[in-house]
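Here is the structure we will look at, set down as structure tokens.
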Amino acid sequence: MSRFKKFNEMLFESYCKKSVSNAAKKERQKKAARGLMEQSLSELTDAALYGVVAKSGEVEQPEEPCQIFYVQEMNIPVYEPELSKALSYLMPKDREIILLYYFKGLKDAKIAPLASMSISTVSRRRRAATKRLRELIENTS
């Protein structure tokens, strides 16, 4: 076998190994990302657990239906259906800012490092998101 053929075989072999390695790495990253999004049953609120069970028809819905938003490793329940629907239309970062500000009572200075933004950006996005929420709620009413 000539040196050129040996070189091409080695090159092809290294390409295949790198491709398989990258594919395995990508799958591990997907699995890790999915693990961050999943919650154990012990972390779910009673309302969320009732909602899961009620879909199977075993238990009635809780008295006050709510939507749970998961933000910064916290569950934030929203009991108003119109508000939760409007919140779901916001961009994820804007929704996070609104939930942390209005539902958790955090100030812009506390939200900024959590959202990896400057304080002025958080303030500007909060005001714009609040305006957008008002428009969404008024349009559904």
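Heavy atoms from other residues, nucleotides or ligands lying under 6.0 Å from CD of Gln29 number more than 12. Heavy atoms from other residues, nucleotides or ligands lying under 6.0 Å from OH of Tyr89 number 12 at most. A 6.0 Å sphere centred on CZ of Arg132 holds no more than 12 heavy atoms belonging to other residues, nucleotides or ligands. The local environment of NZ in Lys110 is sparse, with at most 12 non-hydrogen atoms from other residues, nucleotides or ligands closer than 6.0 Å.
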* Chi angles and distances behind the side-chain hydrogen bond (donor to acceptor under 3.5 Å, both in side chains) call for Ser118, Thr121 -> CA-CA 5 Å; Ser118 68; Thr121 302; 2.8 Å; yes

Which is it for Tyr79 and Ser84 under the side-chain contact (heavy atoms from CB on, under 4.5 Å) test, yes or no, and what are the steps along the way? CA-CA 7 Å; Tyr79 292 97; Ser84 63; over 6 Å; no

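Taking Lys131 as the reference, Glu135 meet the side chain to side chain contact (heavy atoms under 4.5 Å, CB included) condition, with sequence neighbours excluded.
Between Thr130 and Tyr101, the closest side-chain pair of non-hydrogen atoms is not below 4.5 Å. Side chains of Gln72 and Lys104 form no contact here, defined as non-hydrogen atoms less than 4.5 Å apart. Between Leu11 and Phe7 the shortest side-chain heavy-atom distance falls below 4.5 Å. You'll find the side chain of Leu136 stays beyond 4.5 Å of the side chain of Glu82, heavy atoms only. Between Met74 and Leu100 the shortest side-chain heavy-atom distance falls below 4.5 Å.
Between Ser123 and Asp108, the shortest heavy-atom contact is CB-OD2, 3.4 Å. Smallest separation of non-hydrogen atoms from Pro77 and Ile68: CB-CD1, 3.6 Å. The shortest non-hydrogen separation linking Glu96 to Leu114 is OE2-O, 4.0 Å. Minimum interatomic distance between Asp94 and Ala129 (heavy atoms only, all atoms of both residues): CB-CB, 3.9 Å. Between Lys85 and Ser88, the closest heavy-atom pair is O-OG, 2.6 Å. Of all non-hydrogen atoms in Lys93 and Ala115, the two that sit nearest each other are NZ-O, 3.2 Å.
When atom types are taken as modelled, the side chain of Ser21 and the backbone of Lys17 share no donor-acceptor pair closer than 3.5 angstrom.
Under a 4.0 Å N-O distance rule, the pair Lys6/Glu9 does not qualify as a salt bridge.
Expressed to the nearest 0.5 Å, how far CZ of Arg124 lies from CD1 of Ile97 amounts to 9.0 Å. Of the inter-residue distances, the one linking Leu90 atom CG with Leu133 atom CG reads 4.5 Å to the nearest 0.5 angstrom.
Among Asn75, Ile76, Leu99, the single residue meeting the side-chain contact (heavy atoms from CB on, under 4.5 Å) criterion with Tyr70 is Asn75.
Clustering ILVMFWY residues whenever any of their side-chain heavy atoms sit less than 4.5 angstrom apart, transitively, puts Val78 in the very cluster that holds Tyr102.
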